[in-house]
Amino acid sequence: MEYDINNYSTWLEIDLNAIRDNTARIRQFTGREVMAVIKANAYGHGLIPAAQAANAGGATWCGTARVEEALALRRAGISSRLLVLGYTPPAKVPEAIAQNITLALVDEKLSEEYLQAAARIGGRLHAHIKVETGMGRLGMRIERIPAFLKRMQDSDLLIDGIFTHFAQGDEVGCAYTYDQIQRFNQLLADLEAQGIKPPLVHAANSGAIFNYPESWYDLTRPGDVLYGMAPGPHTPLPAGYQPALSWKARLIMVHDFEPGHGISYGARYITEGKERIGVIPIGYGDGFRRVDGQQVLVGGRRVDVVGRVCMDQCMLQLDAVPNAKPGDEVVLIGRQGTEEISVDEVAARWNTINYEVTTGLAERLPRVYLND
Ligand SMILES: Cc1ncc(COP(=O)(O)O)c(C=O)c1O
């Protein structure tokens, strides 16, 4: 689709080449199949375009959190294998069967309900068992799994995969992660001893891909790194991976204020001397947090956000860029000239992680796709 950024006062640019290349890199690095984790609107990047780009980069599976996300992918014509990683209500089983969507079996009783729902329509449901090895979230207890799998043999639950999730995959050399791997391996060995070999075994998220090659198994499940974000403070983004997302806006007003002029709600910022103050049309309603001490890029320079961030606007101190004028491009995340503000920098300001920054970018922000 053609976009004219002149139509927008603020927008996200998503470089689909970056998602394609990052996916291809993971595939090449691990030599395993890739499940692109594209839940939560592909971490804010846009569900359908991100899935298409990841598939073009070699992903054979897409992983979602909810069945609604998987159904949206099917409606968009995406034909790759789909796994719903999270909880699915049993009432959704008929649709999952009809659309060839694989569900996670996160609980024994719930799985029995899936089986009954499949039986009611005379269908067979593809499913992967989620194993609780230490995340304490979703998953079946290890000791229950061999008997459960035996019971399900020849049933209408086609269990063609088994997986777990790490609590600390982004920590290097972490005893807790080695314990999780060991528990999972022990289960796989016990199953094999009973003649059970799930066709697809998977565990590694982005951090584990780089820190625990022994957890690659048959397929890896990257999310963060697909979008060119660092998997964690101890696992920086390796060379070659490219950030996919930039956040831009235009200066919409420039004021020359006299000394003593209050800026924004609460008038907590008062101009000291004559000051040039710019306005950009973004605020906490777009996912830009209402915290002090923020910076953006204007004219290739860092400038301070001053005064309270409002719902739809915030103000900039423009003395460092005296030529700045309405219409100029402002970068909140991304590059301008030689300067860059990374998602991680924003996450640090907000005392959170990069995942929360991009998933919190509001729906009302237009997403402009580059290299479609
Ligand atoms: C079950 C599961 N697998 C894989 C991922 C991808 O993780 P990451 O974005 O750290 O690669 C997630 C994301 O939280 C997840 O919940």
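Just follow the structure's listing: the first ligand is 1, and inside any ligand the first atom is 1.
Ligand 1 has Tyr355 within reach: a non-hydrogen atom of the residue lies less than 4.0 Å from it. Contact between Met35 and ligand 1 is absent, with no heavy atom of the residue lying under 4.0 Å from the ligand. Note on ligand 1: Arg137 sits in its first shell, one or more heavy atoms being nearer than 4.0 Å.
Glu132 has no carboxylate O lying under 4.0 Å from a charged side-chain N of Arg141, or vice versa, which leaves the two without a salt bridge. Between Arg32 and Asp218, no side-chain nitrogen of the basic residue sits less than 4.0 Å from a carboxylate oxygen of the acidic one, so the salt-bridge criterion is not met.
Here Val37 has side-chain heavy atoms under 4.0 Å from ligand 1, and that is the only part of it that gets that close. Proximity of His165 to ligand 1, defined as any heavy-atom pair under 4.0 Å, is confined to the side chain (atoms from C-beta onward). Contacts of Met135 with ligand 1, taken as heavy-atom pairs under 4.0 Å, are absent altogether.
Aromatic ring pairs are classed by plane angle as parallel below 30°, tilted from 30° to 60° and perpendicular above 60°; the pair Phe288 and Trp350 is perpendicular. Between His202 and Phe163, the angle of the ring planes stays under 30°, which puts this pair in the parallel group of the 30/60° scheme.
Taking 4.5 Å as the limit, every side-chain heavy atom of Asp328 sits out of range of all side-chain heavy atoms of Val321. By the 4.5 Å heavy-atom criterion applied to side chains, Gln317 and Tyr269 are counted as neighbours.
For ligand 1, the atoms lying closer than 4.0 Å to a non-hydrogen atom of Pro222 are 11 (O). Short contacts between ligand 1 and Asp224, defined as distances under 4.0 Å to a heavy atom of the residue, involve ligand atoms 8 (P), 9 (O), 11 (O).
Nearest protein heavy-atom neighbour of atom 9 (O) of ligand 1: Tyr43 OH, 2.6 Å. Among all non-hydrogen protein atoms, the one lying nearest atom 3 (N) of ligand 1 is Arg221 NE, 2.8 Å. At the top of the distance list for atom 7 (O) of ligand 1, counting protein heavy atoms only, stands Asn205 CB, 3.4 Å. The protein heavy atom nearest to atom 14 (O) of ligand 1 is Lys39 NZ, 2.9 Å.
Side-chain atoms of Arg74 come within 3.5 Å of backbone N or O of Ile78 as a donor-acceptor pair.
Hydrophobic clustering (ILVMFWY, side-chain heavy atoms < 4.5 Å, transitive): Phe184 and Leu200 are in one cluster.
In summary, the side chains of Asp292 and Gln294 do not present any donor paired with an acceptor at a separation below 3.5 Å, with no hydrogens or angles considered.
Counting heavy atoms only, Ser206 comes closest to atom 11 (O) of ligand 1 of the residues Ala40, Ser206, Ala204, Gly207.
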